[in-house]
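Structure first, then comments.
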Amino acid sequence: MAKNLLIVESPAKAKTIEKILGEDFEVKSCYGHIRDLAKEDMGIDIKNHYKPSYIIPEDKKKVVKDLKAFAKQSGEVWLATDEDREGEAISWHLCEVLGLDPKTTKRIVFHEITKPAIQAAVDKPRTVDMHLVDAQQARRILDRIVGFELSPVLWRKMSMKNNLSAGRVQSVAVRIIAEREREINAFTPVSTFRIEALFTAKDISGKNVTFPAEGKKFSSAENAEEFLQTCIGANYSVNDIQVKPAKKSPAAPFTTSTLQQEASRKLGYSVSRTMLLAQKLYESGNITYMRTDSVNLSETAKEEIKNQINRQFGENYYQPRNYKNKNESAQEAHEAIRPTYMENTTVDNADWRRLYELIWKRTIACQMADAELEKTTAKIRISSNNEELTATGEVMKFDGFLKAYREDRDDDDMMEDEQQEGMLPPLVAGQQLPLKEMKATEKFTRPLPRYTEASLVKKLEELGIGRPSTYAPTISTIQKRGYVEKRDKEGIKRDFRILLLKDDVVSKLSDQETTGAEKSKLFPTDLGLVVTDFLKQYFDDIMDYNFTARIEEEFDEVAAGKLKWSSMIDEFYIPFKKDVENTIENAERISGERDLGIDPVSGKKVIARMGRYGPMVQIGDTSNTEDKARFAKLKNTQSIETINFDEAMELFKLPRILGQFEGSDASVNIGRFGPYIAHDKKFYSLGKEFDPYTISLEEAMPIIVEKREAKEQRTIKVFEKEKIQLLRGPYGPYIKQGLRNYKIPKEKQETAVDLSLEEVKAIIEDVKANPPKKVPRKKKS
DNA sequence: CAGTGAGCGAGCTTCCGCTTGACTT
């Protein structure tokens with residue numbers, strides 16, 4: 001009898017399951033969705049109750065063809081796609097494409113790839129849940145409508161109109177970044193003076209040690225100074241000691257989002273790097289599936305973790321735990337991310353190792369005992385006034401899970417009192433403490449930090465926006481569209497005051513600190529800010545942080561069979577379409593214009609705004625055709641919102657003529673590709689180490705000479721008449737004719753110097769006849 | 001490749017969520 005065919009989504013999963021199921025089943029994968037909405041007319045027939053028109057995307061044709069062939073020669077087809085909305089829809093699409101009846105075709109689900117789980121699933125097949133499929137179709141159609149109606153609005157209203165896009169997920173992601181930036185810009189730091197005293201006492205071994213104690217916070221230097229004055233000549237004694245036990249518990253095992261966060265904090269990985277490495281670990285069988293929102297572990301996994309803990313750390317380190325998802329939008333089709341075999345504490349591959357070990361440690365720790373601490377708080381009395389100082393210390397009694405793993409925190413989650421405490425020497429009530437010194441140091445309040453890729457993912461997950469499979473792509477989309485940039489920011493130096501009481505004298509000191517420095521953080525661009533404002537003004541419901549959560553509730557109703565999906569879409573679409581039409585009709589073009597002042601030379605207005613080629617400053621009016629307006633591009637660290645008049649006027653100092661070199665003018669300017677020197681009708685890029693506003697002719701001359709030489713070296717041969725050049729590029733020698741480049745076949749690259757004109761022409765013809773396959777830069781359907 | 005910033009209007013872009021390779025002008 002022919003084998004049954006079982007279809008899953010992931011090919012790596014297919015291999016594992018085939019081994020588990022054995023003889024009776026052949027297991028194939030469909031590589032995710034096999035159909036999608038057509039692009040023409042949005043793929044939706046609005047007038048016909050939003051009837052979707054599905055097509056098989058180009059890159060899925062082969063998969064579908066192969067599945068059809070397998071289905072034909074198999075006994076029964078079983079659908080084992082993931083147990084969530086998307087997985088259910090994939091099963092239904094498979095029915096449609098393979099000609100199966102969804103009412104009778106066997107549909108099975110499991111959350112973990114273990115023999116008992118899969119066997120149990122096979123024993124109890126069900127059929128496709130059409131309500132759940134409808135919920136997915138509603139989700140898909142709503143997203144298509146939002147994306148394909150909103151994006152064209154931007155194309156019409158923005159002066160910069162290349163590839164702009166808007167969508168339910170990405171536009172809110174940009175909004176989060178934009179609002180944080182404005183909070184930071186609007187932030188005014190407030191300073192306080194916190195008292196810190198240093199005392200000495202003997203530790204257990206009788207050695208003198210120094211420990212800190214904290215006092216009151218003062219809002220002004222004067223008050224702090226007054227206080228320090230009152231302490232002159234005072235005695236200090238231990239007033240009261242309290243010892244309290246404390247506990248720390250391990251974090252839940254990894255989901256996609258928490259893995260991305262920890263890999264970012266501990267290893268400095270971008271979310272896409274984390275996902276790439278996790279994919280490799282998954283494909284090589286080292287970890288479970290890496291796109292999951294579940295913190296659940298299979299029973300067999302827990303058993304393995306237990307054994308490993310007992311073996312490696314001892315039984316007192318083991319504590320069984322179950323974790324529950326906080327997030328309501330979790331769909332939990334898979335397990336948490338964990339090693340497939342706990343006895344493998346590491347992997348051979350050096351690239352994957354750090355991520356693997358992170359996953360291993362987190363997994364082992366999640367079934368380990370609490371860490372037990374002892375917190376000591378000592379109150380210290382000051383004889384000369386009524387204030388008290390507090391010294392706190394922490395001693396670890398049992399390390400528990402911390403032996404394996406400690407989770408890092410984001411800056412914005414860190415509570416002040418959560419910082420690592422040191423140990424206190426043994427103290428007794430009434431003990432006199434000699435004061436070493438007492439300080440009041442000025443501390444400034446800080447705004448919330450800018451988002452990292454990973455902390456943005458965390459925020460999106462909290463809002464229920466996006467799914468594990470889309471976090472990384474969303475982050476890259478908003479950067480690719482130019483709404484958001486990942487970059488560093490240099491901090492600025494700031495003075496702070498210190499009042500020091502030492503040897504019964506109060507002195508005033510000052511020091512410097514750097515503030516506001518950021519590394520690899522997400523900054524909104526002017527484009528991102530302007531587009532966000534526009535969308536918020538005209539589509540406030542879609543930009544609402546709760547929009548996704550609200551429609552998810554409705555999708556749930558559809559899934560429960562309580563609401564018809566087309567009615568749900570109707571309710572959304574009718575007012576939305578009105579908003580779109582109103583916006584196209586009435587909204588002004590988006591410019592983000594901001595007045596900066598009046599140019600004292602011409603008496604004309606100076607403004608900052610979005611132009612066709614990005615943010616710029618402008619003197620004068622574009623409507624005045626006789627007296628033309630002047631323009632200058634903003635530097636990429638500047639922003640329309642924050643640039644001031646002086647900075648704007650500085651930008652008009654380019655182009656600058658540096659002087660004569662080899663008989664012609666050398667000038668410097670900033671172009672599309674950054675700063676450059678123009679000389680004798682040729683252009684030479686300026687490296688980062690040069691400032692186009694200050695560079696001198698003397699500095700520019702060697703650049704011209706060097707770059708000219710480098711260009712000559714790049715040239716292997718020139719056929720003047722035919723305008724063909726043989727050049728050396730980063731990938732080896734190549735042919736250039738006009739604007740087009742042609743690859744030289746591998747076997748001829750070594751001897752490229754000897755190529756004759758005829759041979760070169762032959763290569764060009766050959767490449768033209770067999771054009772190399774283009775890498776699809778964007779997803780094609 | 002190194003300019004432009006207005007308007008006209010070909011023809012094009014665009015969404016989110018499932019999955020992996022193919023691909024280095």
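Convention: sequence-line order gives letters A, B, ...; per-chain numbering from 1. Treat the numbers as computed from the prediction; the structure is a model and nothing was measured.
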Rounded to whole Å, please give me the gap between [atom1] in [X] and [atom2] in [N].
X	N	atom1	atom2	answer
A:L460	B:dC16	CG	C1'	13 Å
A:L527	B:dT14	CG	P	14 Å
A:H334	B:dG17	NE2	C1'	13 Å
A:D41	B:dT14	CG	C1'	15 Å
A:L37	B:dT14	CG	P	17 Å
A:K60	B:dG17	NZ	P	15 Å
A:L67	B:dT20	CG	C1'	14 Å
A:R612	B:dG7	CZ	P	10 Å

A:F631 over B:dT4, stacked by centroid distance under 5.5 Å, angle under 30°: no
Centroid under 5.5 Å and tilt under 30°, A:F148 to B:dC15: no
Have a look at [X] and say if it touches a base, only the backbone sugar-phosphate, or nothing, with a 4.0 Å heavy-atom cut-off.
X	result
A:Q279	sugar-phosphate
A:R467	sugar-phosphate
A:R168	sugar-phosphate
A:R481	sugar-phosphate
A:G32	base
A:V169	sugar-phosphate
A:P473	nothing
A:S165	sugar-phosphate
A:Y282	sugar-phosphate
A:T470	base
A:G614	base

Starting the side chain at C-beta, find the nucleotide from [options] nearest to [X].
X	options	value
A:K39	B:dC18, B:dT14, B:dC16	B:dT14
A:P152	B:dG17, B:dT14, B:dT20	B:dT14
A:D82	B:dC16, B:dG3, B:dC18	B:dC18

Return the set of residues passing ring-ring contact (aromatic ring centres under 6.0 Å, His included) with [X] (not counting sequence neighbours), or none when no residue passes.
X	answer
A:F631	none
A:Y573	A:Y50
A:F683	A:Y676

Exam field: side chain A:R656 to backbone A:P692, donor-acceptor pair closer than 3.5 Å: yes
Donor-acceptor under 3.5 Å (A:R140 side chain, A:L37 main chain): no
Given [N], is OP1 or OP2 found less than 4.0 Å from the side-chain N or O atoms of [X]?
X	N	answer
A:Y471	B:dG17	no
A:S10	B:dT19	no
A:R291	B:dT20	yes
A:N163	B:dC12	no
A:R156	B:dT13	no
A:T81	B:dC18	no

All side chain to side chain contact (heavy atoms under 4.5 Å, CB included) counterparts of A:T292, not counting sequence neighbours: A:T256, A:S294, A:H334, A:I337
A:R630: side chain to side chain contact (heavy atoms under 4.5 Å, CB included) partners, not counting sequence neighbours: A:I619, A:F652
Flag for A:E461-A:Q260: side-chain donor and acceptor within less than 3.5 Å: no
Under 3.5 Å donor-acceptor pair, A:Y31 side-chain atoms to B:dT20 base atoms: no
Toward the 5' end of DNA chain B, by each residue's nearest nucleotide, A:S171 or A:R609: A:R609
Toward the 5' end of DNA chain B, by each residue's nearest nucleotide, A:Q170 or A:P615: A:P615
Under the 3.5 Å Watson-Crick or G-U criterion, the dot-bracket string of DNA chain B, with | for inter-strand pairs: .........................
Nearest-0.5 Å distance, CG of residue A:N163 to NZ of residue A:K480: 9.0 Å
Counterpart residues, salt bridge (charged side-chain N to carboxylate O under 4.0 Å, His left out), relative to A:E335 (two or more places apart): A:R338
More than 12 heavy atoms from other groups under 6.0 Å of NZ on A:K61: yes
Selection: residues 85-98 of chain A, any non-hydrogen atom under 4.0 Å of DNA chain B: A:E86
Report all side-chain donor-acceptor pairs from residues 277-285 of chain A shorter than 3.5 Å, counting only partners two or more places apart or in another chain.
| from | atom 1 | to | atom 2 | distance (Å) |
| --- | --- | --- | --- | --- |
| A:Q279 | NE2 | A:E283 | OE2 | 2.7 |
| A:Y282 | OH | A:S10 | OG | 2.6 |
| A:Y282 | OH | A:K13 | N | 3.4 |
| A:S284 | OG | A:K280 | O | 2.8 |
| A:S284 | OG | A:L281 | O | 3.1 |
| A:S284 | OG | A:N286 | ND2 | 2.8 |

